[in-house]
There are 2 protein chains.
Amino acid sequence: MTSDHMPKWIAADWGTSNLRLWAIGDDGAVLDMRTSDKGMGQLAPDAFEAVLVDLAADWLDTADTVVACGMVGSRQGWVEAPYQTAPCGVCPNKMVTAPVLRDALTVHVIPGIRQTDPADVMRGEETQIAGYLAQTDDWDGVICLPGTHTKWVHVSAGEVVSFQTCMTGEMFALLAEQSVLRHSIADSGWDEDTFLEAVSQTMSRPERLAGQLFSLRAAQLVHDTDAQTLRARLSGLLIGAELASTKPYWLGQNVALIGADAVSQPYLAGLAAQGVDVARADATEMTLAGIKAAHALLETK
Amino acid sequence: MTSDHMPKWIAADWGTSNLRLWAIGDDGAVLDMRTSDKGMGQLAPDAFEAVLVDLAADWLDTADTVVACGMVGSRQGWVEAPYQTAPCGVCPNKMVTAPVLRDALTVHVIPGIRQTDPADVMRGEETQIAGYLAQTDDWDGVICLPGTHTKWVHVSAGEVVSFQTCMTGEMFALLAEQSVLRHSIADSGWDEDTFLEAVSQTMSRPERLAGQLFSLRAAQLVHDTDAQTLRARLSGLLIGAELASTKPYWLGQNVALIGADAVSQPYLAGLAAQGVDVARADATEMTLAGIKAAHALLETK
């Protein structure tokens with residue numbers, strides 16, 4: 001490895017379930033990438049350093065700085081990086097340094113963002129947003145980050161103005177896999193018309209939702225409705241409820257969506273049906289771009 | 001045991017999780033009652049008879065008829081008792097006989113009720129309703145049967161006209177015990193004002209529900225809101241959604257509630273706040289009264 005190809009610093013996306021590390025060279029190029037399932041959820045605070053060193057021992061010969069985002073900075077993580085409070089800039093001006101045993105290693109942890117009224121929190125998504133803004137000059141609008149806990153974030157003048165979390169992804173998984181509906185909902189499969197009809201139903205009559213969930217089970221018992229159709233209908237009912245709830249965020253707004261294909265698709269279809277045109281960006285790329293923006297802040301200090 | 005005190009027949013409430021048997025004497029009096037955790041959920045079809053015989057061997061010396069309600073009559077139960085289709089009378093005119101090995105034993109299974117549009121099903125609740133109507137002459141109105149899957153049933157002229165199931169109880173358990181909210185929701189405790197405020201919020205703005213669930217977790221992280229308050233708020237948000245969904249059932253109606261105290265209390269409080277006066281009845285008593293009504297039908301045939 002020539003000096004041009006020696007890692008200069010390490011970017012880390014350390015979430016609840018997974019860890020992703022990038023070796024970054026002198027010119028900001030990605031030299032290598034590694035992943036691990038040693039997420040924050042299974043690590044005691046004093047276990048993080050060993051996981052990092054195990055996964056990136058050779059990189060650490062030349063890279064002595066790590067910049068990390070995600071649940072690694074939660075109260076149960078390596079070190080608590082106290083939330084910034086919205087409205088606030090997306091670039092973190094108060095990174096926290098994690099305690100380490102190893103000489104010549106500094107680990108900077110990017111703080112999450114909280115909102116006081118209504119209460120809300122994010123940790124990790126702020127970095128993706130920073131990455132998106134780093135690549136799109138003067139962008140104002142609403143960023144949707146779909147996932148287990150989907151975030152809707154109003155961004156203006158480089159600041160997070162306000163945001164709202166919907167736990168639709170987690171609700172779908174609980175209902176489809178743990179509830180009585182599990183007997184009637186397929187593991188995969190789709191029916192776009194059924195999905196869009198259900199989205200439209202909950203958006204126009206959100207007060208009916210509570211009475212429509214058990215109907216999925218009953219439709220199978222009474223009408224033998226197939227399980228793929230019911231999967232699409234459950235998704236549509238819940239996404240419709242989310243779009244009804246977040247209407248003040250997306251209606252008439254400039255909307256960008258940062259997420260992987262599978263989790264993004266229902267949101268894109270639901271928003272398109274509402275006439276909302278959505279710009280797209282890749283979640284992993286935006287995370288790396290956001291960590292690079294945070295690293296650049298360190299350099300200028 | 002004198003002949004006056006010998007069981008004449010056996011009433012059985014055989015649900016997914018539990019079995020309850022009553023020994024009934026000549027005059028309809030309850031001579032004894034026994035329970036078991038051998039519910040339908042854990043039994044193959046050919047295992048039911050042995051469970052019955054084990055639990056009631058001495059009763060079977062003189063009682064050769066069993067009348068049973070509940071999931072024992074489902075497709076996965078002892079024998080499938082096909083649903084009656086609403087609108088229909090609450091007293092079952094088509095009980096099904098379960099296959100047995102023992103001579104001189106007849107087991108009659110009460111059918112559930114289904115509805116085709118919107119699709120819905122009940123199995124067990126129809127017997128409680130029959131019991132309630134057996135005790136209240138010419139009663140018309142709406143019966144609410146709270147539970148894991150709460151039923152709202154419009155009853156008129158001795159018939160089930162229509163009904164709606166809400167899986168609010170199961171949803172509450174999933175969110176409070178399995179979701180990310182579990183870190184912030186107490187196992188018990190209550191705050192009536194918080195509950196009623198949340199009921200009112202979802203009833204007046206049902207479209208906001210999807211955005212209010214994660215806020216419970218965030219309220220604890222941001223404001224250190226106590227877990228008992230958050231438990232009451234989660235219950236209120238979900239009961240409010242159910243009352244919004246079932247408003248066509250209870251608004252301006254004669255409402256009766258059949259259920260145990262713990263599961264009934266939030267419904268009673270929520271309905272009282274809407275100015276709805278509710279008559280109450282005990283679920284176990286109504287089940288027995290309904291099985292007795294079904295047994296009386298056998299006698300008249």
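Just so we're on the same page: letters track the sequence lines, and every chain starts at 1.
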Problem set entry | Top contributor to chain B contacts, counting heavy-atom pairs under 4.5 Å, from A/T148, A/T246, A/L181 | A/L181

Exercise. Is the number of heavy atoms from other residues, nucleotides or ligands under 6.0 Å of A/R182 CZ greater than 12?
Worked result: yes

For this session: Mind ranking B/G240, B/S215, B/A173, B/P118 by heavy-atom pairs under 4.5 Å with chain A and telling me who comes out on top?
Result: B/S215

Exercise. How many angstroms lie between CZ in B/R205 and OG in A/S245, if you round to the nearest 0.5 Å?
Worked result: 10.0 Å

Seminar exercise, completed: Heavy-atom closest pair (A/A241 atom, B/A210 atom, distance to 0.1 Å) is O-CB, 3.6 Å

Exercise. Which distance, rounded to the nearest 0.5 Å, do you find between the CZ of A/F214 and the NZ of B/K151?
Worked result: 4.0 Å

Problem set entry | Heavy-atom pairs under 4.5 Å with chain A, option from B/E242, B/Q220, B/H149, B/R114 with the top count | B/H149

Exercise. Any idea which of A/L213, A/T116, A/T168 has the most non-hydrogen atom pairs under 4.5 angstrom with chain B?
Worked result: A/T116

Exercise. In Å and rounded to the nearest 0.5 Å, what is the OG to CD distance from B/S204 to A/E207?
Worked result: 12.0 Å

Exercise. Can you say whether B/Q115 sits under 4.5 Å from chain A via the side chain, the backbone, both, or neither, judging by heavy atoms?
Worked result: backbone

Problem set entry | B/M203 portion near chain A, given a 4.5 angstrom heavy-atom threshold | neither

For this session: Kindly say whether A/L174 contributes a backbone atom to a donor-acceptor pair with the side chain of B/Q178 at under 3.5 angstrom?
Result: no

Seminar exercise, completed: Here the pair of heavy atoms bringing B/E170 nearest to A/S179 is OE2-CA, 3.0 Å

Problem set entry | Spacing of A/Q212 atom CD and B/Q164 atom CD [to the nearest 0.5 Å] | 8.5 Å

Seminar exercise, completed: Residues B/V222 and A/A119: closest non-hydrogen pair is CB-CB, 4.3 Å

Exercise. Passes side chain to side chain contact (heavy atoms under 4.5 Å, CB included), A/T165 versus B/R217? Steps please.
Worked result: CA-CA 11 Å; A/T165 304; B/R217 171 73 176 142; over 6 Å; no

Seminar exercise, completed: If you tally heavy-atom pairs under 4.5 Å between each of A/V180, A/L221, A/T150, A/L243 and chain B, the highest tally belongs to A/V180

